[in-house]
Each structure stands twice: as C-alpha cells, then as structure tokens.
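From a predicted model like this one, the values you see are computed outputs, not experimental measurements. In what follows, every chain begins at residue 1, and chains take the letters A, B, ... in the order their sequences are listed.
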Amino acid sequence: MQVSLKTSAKKHKATLNGEIGFAETAALYDVAQQIAQNPKETQIDWSNLTAIHYAGVQVLFALRKSLEEQGYKVQFTEPNPQLYQHLHTFGVWDALIQS
Amino acid sequence: MDSLMQLFYDEANEMVEGMEQVLLALESGEPDPETVNALFRYAHSFKGNSAAMGFTHLSKFTHGLESAMEALRKEQRTLTPELATLLLQAVDMIRTLLERTRTEGDVGDPTCEPLLQQINAVINGETPQPVPAPSAPMPSAPVQTAPAEPPTTQGAPQYRITYQPAPTLSAEHDPLQLLTELQEYGQVIECRFREQIPPLEQLKTDACYGSWELLYETAFEPAIVRALLELAAEGAEVRIEPVNAAPTETAQPTAAVNAAAASQPSVATPPPTETPAAAAAAATAAVNAAASKGEAQSIRVSTEKIDALMNLVSEIVIAQSMLSSAQTADTDERTRAAITQMERHVRDLHERVMAIRLLPVSYLFNRFPRMVRDTAAKLGKKVNFEVEGEETELDRTLLEALSDPLTHLIRNAIDHGIEPPDERRQNGKPETGTIKLSAYQSEGRIYIEVRDDGRGINTERVRQKAIQLGWITENDHPAEETLYDFLFQPGFSTAQQVSDLSGRGVGMDVVKRNVESLGGSISVQSKRGEGTRFLLRVPLTLAIMDGLGLTVADEHYIVPLTAVVEAFQYESLQHTALFDQYEMVNVRGEFIPLVRLRQFVGLPETDHDGLIVVLEQEGEQIALLIDGIAGQQQVVLKSLEENFVRVHGFAGATILGDGRVALILDVSDLIRRGRQSAERYAAVA
C-alpha cells in the first residue's frame, strides 16, 4: 500500500511509499479526504517516496489548502533527494511548502 | 506500421545517409563551417525525432555523438582519419539501433558507451581503447528518464517557455515528467510554477491546475521542445520565445515531428516568437517564404500508389492507341480533332507520370563513397572516388536494380583494377588511384560508366583462358571486343585464376544478366597499364517509349524511335555480299552491316526489294532490311522475361492498337550481330 494513514488525538500522519502514479492518485485522494473531514495537524512522510505523478502533487496541494482554511497546518518531511530535486527544479517544492 | 512511424523511419534513414555523406565529404576535403553545420543539424534532428518517437536509447546515443560533432563545429578538433573512422562507426551503430527498433523496440547495445568513450578520447587527445563490434541484440535495462548529468549547453540559445499543460491528466500525461525529459536536451535555468489548484472538495483528480514558466537553455530547435511538451495529450499550450538566441539554424522541424504534433490543436512549426494563436499564419508565411527562396516542397507518396498510377497510364496509352487505329476515312472531323487532342493529353500525362518515377542517380551513387573508402582501406589501397552526372534521372525500379551490378563493378575495380600504392609508384602513376562513376542521358537511354586508372585487362591472358576452355583454338585471335565478351560468360568467370584477373570475372556473368534483364547492356574497354571502363546502358524507363513500327510479311515489330537514323528504298546495287554470307550495304560510300529482318525472325525470304532502315546506337550502325514501315506510335513495354522467357534479339513486347502483340527489337543485339558480320568481312577483305 503506497499510502497509509495513522491518526492520533492530535495529528494525522500520512506515509507515502514507493511510487504514486496516476492510478494510485485515487487512493491518495481518499486518504486526503479522510484527513480533511477530520481536520488536525497533519504530517506527510514521503521520505520513502521515489516518484509521484503531478495528479498526486495536486492532491497534496489541495489538502494543504483545505486544512489551512480550517486553521490547521501540513508538515512535509524531508523527501527522497531525487524526488526533492524533481519537485524543486520545477518550482513545485517551494510552492508546496510555503504557508 | 502506422503512417507516423513509417514517416519517422523514412526521414531517419535519410538523415543517417546524410550524416554519412557529410562525414565522407569532410574527410576528403577542407572542413568548411557550412558542411560541419549540416552534420550537426542531421544529428540534432535525428536525436529529436527519435526522442519524440520514444526511442530513448537511439536518442541518447545520438546525443553523445552530437557532443563530438559540437566539438567539430566549434573547430576544437579537425577531422582526422582516426576520428572519421570512429564517427562512421557511430553512424553504423545508429543504423543498427534504428533497425532494431523495428523488431525489438527501444533497445541499446553494450558497445554504444565504449564507442562514445573512444570518440571522446580522440577528441580530447587521449589514446583510445579498441571498441568491440556491436553485440548481438540483447534486452537492455530500463532507461533512466532523468540523465545523471544535464547535457552541456553552454553558449546554446536560451528560451523563455510558457507551458500550460493539456487540461486532462492521465497515466500518459504527467506534466512534471515531460518537464523532466526536457532536462535531457537542455538546462532549466529558472522555473516558476503557477498553481491554480482548488481546495480538496473542488479538486478533480484528472484535471490539470497549473502552468510553468521556464528559462531554458538548449541547442535544440524550438519546435523539438514544443513537440516534446505537446505530444502527450491534446490541448497543451506552449509558447517559446528566444531570449538571447544565437543565429538560428535554418533546419525546419521534420515532417515526423510536425506529424506527431499535428494531432494537437496548436499548429506545428511556428517561429519561436509566435503564440499558438498566430502559429498557423506564421507557418503559412514560412512555407511561402521557403517556396519563394526556391526550396523544394515535396510530399511522400507510397511506391505502390505510383506504380498503380503508372499501370493505369499505360493502359490509357494502349486504349488511346486503339482509338487512333480505329479511325477510318469516314471518321468525321470533330472526332478526329478530339482524338488528336486526346493523343496530346495522353502524351503529356505519360511524360508527367514518368517524371514521378524518375529519381536522380545520386540516390544510388551516394551508397558508394563509403563502400569505396572501407574497401580501399581494407585492401591497403588509396582510391579517389569521383562521381559525375548525379543529377541524371532514372526510373526508380531501374535504379534499385542497378545497385548490385554497380557494387560488383566498383569492388572489382578496387580489388583487381587499382594497384597497391607501391606498384603504382613504380609504374610512374600517382599513389592514389581513381575510380570514376558517371551517368548521362543520350538517345533515350541512360549510360552509367565505371572507369578506373588501374592495371587494365590482360587480353592475352583472356585469350589463353578461352583456349584452355576450348572456346577458341590457338590460331584464333579474336578482336578485343570478342575477348571482353568472354569475361561475361559463366564458365569463364568461375574458372579464372590468373592473378591480374583473379576475381574480376567472378560474378560478371551475373552482372551482365542483371543488366540485360532490365533491357540494358554492358560493354567493356580496357588498356593495359592505363585502366578499364565498363559501360552500362539501360533504358530511361521500363514503361513507355516512342517506337517505329516495322513489318515483315504480316508480322509487326517495333524499334525505339531514338535508334532510327533514316529509311530508304533498298536497291540491289547497294548490296555487297562476300561469299554469300557477310552482307554489307553501301550507304553514301559507307559500308554498313546488313541484317535481314525476315531471316532474323525465321520467315522465308521474298523477292521484293523492301526498305532499309538504318539503326544506330553508340556510334555503331546497322542496316535492317524490312518489308515496310507501319508508322510511329507510343508503345507500352511489357517484359518478355516476366511474362514468358528472355528471348535474345528482343527487348520486350507491346500490345498494338488493334490488340495484336508486337515484339520490340533489341537494337544492341542487332548491332552486335552486324558487328560480327563486319569483323568477318574485314578478316577476308
């Protein structure tokens, strides 16, 4: 399972592993919806994520916006270096982590 | 194979040929900047096309080669023979990889990297390691989509790219992936991401909400970049503006790239500064500008369509001929005028369709410089290869059929004609021998000549060999032409072992057979110590020709109109017969061999005087004695060999306007018979 969710009293932790292609985006969206419907501080752990389709990146953007509208923050952990380079080169990383 | 893929392969083969031709030209002359630029453009376009079609191994290898050519272009290195050989090997590798894509898909070869390393070593002045030959095809590891290092683009033009991806995302359409692939062909200097992503509850996971602005440095043509970004899905909007572009290379994006992008709403090939909305107008302006500069505009048409068109035209010619023949004295003027007009239009149609089939012989001749270079190097000989008359046009079918015969003749010239450098020096010749391949048109035929300045044929050895084979006796001293004819006989070629001819006869019978099957002929002239000349004569086309109808009894025969010199009433006073065998005719003081057509075709003689038609080819004449002339007509050539068997003396057959079949005389054969008659006459005169 590329996307898993653990929820505690105060926060959500979504762990993204392997590759999230276009087909896996639906599963990511479902997890994002669960988080958005029970808003808390959220950590996205993608240290083991090697690749993500732009559709999946959009879901993470949308989740961040939804939580921020409700006064909660999203924290992204240190990504895989290759993934970081990929997102950073094309301006996506900076836009994603800005609050 | 779909049409886009076929288009890619057609263009890819042309580009590979182009690279090879340019490398050979560079090696043999001073490297002028325009030629080096041409080489770079070929590699460049090939790389982009391969990438656009998803052949990443091919594209990557060409990219590595392109770096070497970049060094040449910037005049960092001269094209030494060693570097030329390596670059030609790289072109061979590209051919190999290209062919593999047809059967195995996008696969690489383990010798690609060593070859590139060797090329780079030579460019950097290091001692290269030998490269093994390309391996047998083997599956390769999946290709990394992002290179370990970005390509060197320093000094390359920069572009500001605005990229609005297509509105629908899919497994095949990932804008981030497309942008990553851009890094393989240039460098992203700056990038700004504009996100327009809604909150989660409004998000559609398959919709794209984002755009990018990039400052991108690449040596690629802007259209290649556009194609990369637009290929994945319909609806992408890409704007590319040069920032501080160097003078752009004028190569237009190839048709394959244009075709690939044609499915997109944005129009392919706009100039860099244009928005998609103005692209169509700009593309039209570009086409008009190119046309006004005299650049050739062309489209690709399958050979099957052209052949079908030719067949139809030939049937129309026959039908028109039948209609003309059906005219009688009672035919009214209006009908006659219509038939005359139709004759003109059919003739015009025939000429234009014929022109479609014609290709310049350069298509064939361009294969040989590389072969000459490699064969000469292998044999330790120095050969200068010259080509003349490349623009001469020939029927496409004939062109393809001449490839093997000419290859054989040229190889023979290198192997057995041109002497080793030492021997040439001793004989007072320049170390470098010359082989000249030339083509020209004359009298409705195409002449192709292979001439060398080598040893020449030792005719005495040929005579001795013919004696050995029992074809002639010790007392026979045939003329040179007859001795040369022996070279083309099957038995002679396989038995030949003499050193100056060893191998030269091998396959010559096949060469002759192949040329004759095209309705052509081959002859040879040679001078000991000076060289040898092979002359191939082939018809301009195998399709339609203007002929003169000749009759003997009720039989109707055709000769090519281009071979007819004159016709006159035969008078016995003109005739000279020696020993009642060898007949000559006195034509204004000149004695010309006589061939009786009745006798030739096996009909009984008549006591009527008849007519003489003088036929000429390559300066040789014969007088053909016939009963009458049936008039000029355009005839459609039908092959006897394809439909029946090859019959000596006849070049083919045709269907007359009244539906009868008429045989077309082989003028070369008639002249040969006449020459033999003249030789015998001269021997006893």
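The closest side-chain heavy-atom distance from B:Leu176 to A:Leu87 is below 4.5 Å. Side-chain contact between A:Arg64 and B:Leu200 is absent, with no heavy atoms from C-beta onward closer than 4.5 Å. For the pair B:Thr205 and A:Gln58, the minimum side-chain heavy-atom distance is 4.5 Å or more. Side-chain contact check for A:Phe90 versus B:Val188: some heavy-atom pair is nearer than 4.5 Å. With contacts defined as side-chain heavy-atom distances shorter than 4.5 Å, the pair A:Lys65/B:Gln202 does not qualify. In this structure, A:Tyr29 and B:Leu203 have side chains that are in contact, with non-hydrogen atoms separated by less than 4.5 Å.
Residue with the most contacts toward chain B among A:Leu28, A:Val59, A:Val57: A:Val59 (heavy-atom pairs, distance under 4.5 Å). Of the listed residues B:Pro198, B:Cys208, B:Pro165, the one with more heavy-atom pairs under 4.5 angstrom with chain A than any other is B:Cys208.
Heavy-atom distances place no part of A:Gln37 under 4.5 Å from chain B, backbone and side chain included. Looking at A:Ala95, the atoms closer than 4.5 Å to chain B (heavy atoms on both sides) all sit in the side chain, from C-beta outward.
Within a 6.0 Å sphere centred on CD of B:Gln196, heavy atoms belonging to other residues, nucleotides or ligands number more than 12. For A:Lys40, the NZ atom sits in a packed shell: over 12 heavy atoms of surrounding residues, nucleotides or ligands are nearer than 6.0 Å.
Using cut-offs of 30° and 60° for the angle between ring planes, the A:Phe61 and B:Phe193 rings count as tilted.
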Show the numbers, then the answer: is there a side chain to side chain contact (heavy atoms under 4.5 Å, CB included) between A:His53 and B:Leu169?
CA-CA 9 Å; A:His53 192 287; B:Leu169 299 175; 4.3 Å; yes
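In this structure, NE2 on A:His86 lies 6.0 Å from CD on B:Gln177, to the nearest 0.5 angstrom.
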